Amino acid sequence: MPSYPKKRQGLAAMDGALVLMAVLLMVQMWLLTAALESLLAGYRDEALPAAIVSVVLTFICWGLYRLLRKADRSSR
Amino acid sequence: MSDSSSGEQPLWREEFSIQTNEEQYISRRQFGKFLMLTSVGMCAGNVWLLLRSRLESPPNYPALSLGNEAALPVGGVRLFQYPTESDPCLLLHPDEETFVAYSQKCTHLSCAVFYSDETKEIECPCHNGAFSVKTGEVLKGPPPRPLPRIILENRQGELFAVGVDLQTKG
């Protein structure tokens with residue numbers, strides 16, 4: 001099995017975390033536009049679940065960001 | 001002649017201030033920070049929408065006199081503002097017995113709609129949208145929702161606007 005340098009492994013982990021964060025961000029953008037559209041159309045009840053999911057996604061993003069920083073430090 | 005020092009890299013590269021590897025790390029970290037902050041911004045936007053939906057009181061619709069019904073002939077149109085001065089509306093008299101009123105803002109991009117006597121439809125000139133005169137439903141074009149309908153009351157021959165039906169719920 002080939003052994004990869006620690007730096008390359010760290011970069012791959014960081015890239016993975018960045019891609020995941022970008023995907024979560026796209027979901028959050030969709031949530032925001034959908035919630036805004038619903039509110040303008042007179043539906044007020046959709047704002048609560050959208051906000052809850054958005055907060056959860058932000059915490060996941062924060063966790064991934066911490067993981068990214070950890071991978072950065074450990075691969076140096 | 002060799003320009004390498006004790007390390008693997010040539011001397012010119014060691015002395016050059018930009019380290020490519022370090023730069024890669026920094027850009028990833030910065031991009032991660034950017035994504036994280038954007039995520040916080042999206043979250044703040046959603047929370048703001050939630051607060052707005054909870055704290056905003058339901059709109060108050062005062063009764064507004066639109067004049068005597070006899071003053072508007074069949075096929076006629078009258079412009080008025082309701083419920084505020086910045087909400088232009090159309091009062092229509094499509095046939096003998098019917099008076100209807102709608103918001104004049106197209107539900108697509110808020111262009112001013114108008115009544116076409118030829119097609120008997122409410123049309124939007126910006127993107128060729130059309131709405132039904134009877135119901136305000138979208139007949140063609142890009143508008144996503146029907147026109148908000150102004151609720152009318154006939155008080156002894158005098159028409160009053162008394163509310164707005166957004167026409168978004170079923």
Side-chain angles (χ1 to χ4, degrees), chain A residues 5 7-8 10-76, chain B residues 8 19-59 61 87 103 105-110 136 138 142-149 151 163-170:
Chain A
K7 239 178 189 179
R8 272 185 75 180
L11 281 176
M14 288 167 78
D15 285 345
L18 283 173
V19 168
L20 210 52
M21 284 173 84
V23 170
L24 293 180
L25 198 59
M26 279 188 264
V27 175
Q28 273 191 302
M29 284 178 188
W30 175 80
L31 268 176
L32 183 64
T33 50
L36 181 62
E37 181 69 22
S38 295
L39 194 66
L40 291 176
Y43 296 94
R44 291 169 173 236
D45 297 338
E46 277 73 359
L48 179 62
I52 291 171
V53 173
S54 191
V55 168
V56 170
L57 291 179
T58 299
F59 274 107
I60 295 173
C61 260
W62 181 64
L64 284 169
Y65 179 62
R66 287 192 61 180
L67 195 77
L68 190 144
R69 290 188 61 172
K70 196 176 166 188
D72 182 28
R73 272 199 301 270
S74 64
S75 61
R76 275 169 188 268
Chain B
E8 289 179 359
Q19 299 291 322
T20 314
N21 290 341
E22 293 297 312
E23 197 62 22
Q24 272 186 334
Y25 271 105
I26 289 167
S27 68
R28 279 177 171 82
R29 212 166 49 210
Q30 281 180 337
F31 185 51
K33 190 184 277 182
F34 167 75
L35 290 178
M36 175 64 209
L37 290 174
T38 313
S39 173
V40 170
M42 295 287 149
C43 182
N46 261 313
V47 171
W48 175 74
L49 287 180
L50 174 67
L51 291 176
R52 205 184 140 164
S53 71
R54 300 284 154 180
L55 299 178
E56 202 175 57
S57 57
Y61 297 119
D87 297 310
S103 166
K105 288 181 187 171
C106 179
T107 52
H108 179 220
L109 291 174
S110 297
V138 180
R145 294 186 296 275
L147 284 174
R149 187 185 183 113
I151 301 166
V164 178
D165 177 11
L166 291 174
Q167 302 208 101
T168 54
K169 293 170 182 172

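Source: prediction; values computed, not measured.
- In this structure, chain B has heavy atoms under 4.5 Å from both the backbone and the side chain of Leu32(A).
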Please tabulate, for side-chain N and O atoms in residues 39-47 of chain B, each donor-acceptor pair with protein atoms closer than 3.5 Å (sequence neighbours left out).
from, atom 1, to, atom 2, distance (Å)
Ser39(B), OG, Gln28(A), OE1, 2.7
Ser39(B), OG, Thr58(A), OG1, 3.4
Asn46(B), ND2, Ser54(A), OG, 3.2

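- Contact check for Thr107(B) versus Pro148(B): side-chain heavy atoms found under the 4.5 Å cut-off.
- The number of heavy-atom neighbours closer than 6.0 Å to CZ of Phe34(B), taken from other residues, nucleotides and ligands shown, is 12 or below.
- Top candidate by heavy-atom pairs under 4.5 Å with chain B, chosen from Leu64(A), Leu18(A), Leu57(A), is Leu18(A).
- Taking the side-chain contact (heavy atoms from CB on, under 4.5 Å) definition, one finds that Leu48(A) meets it with Ile52(A), Leu50(B), Arg54(B), sequence neighbours left out.
- With a threshold of 4.5 angstrom between heavy atoms, Leu39(A) approaches chain B through side-chain atoms but not through N, CA, C or O.
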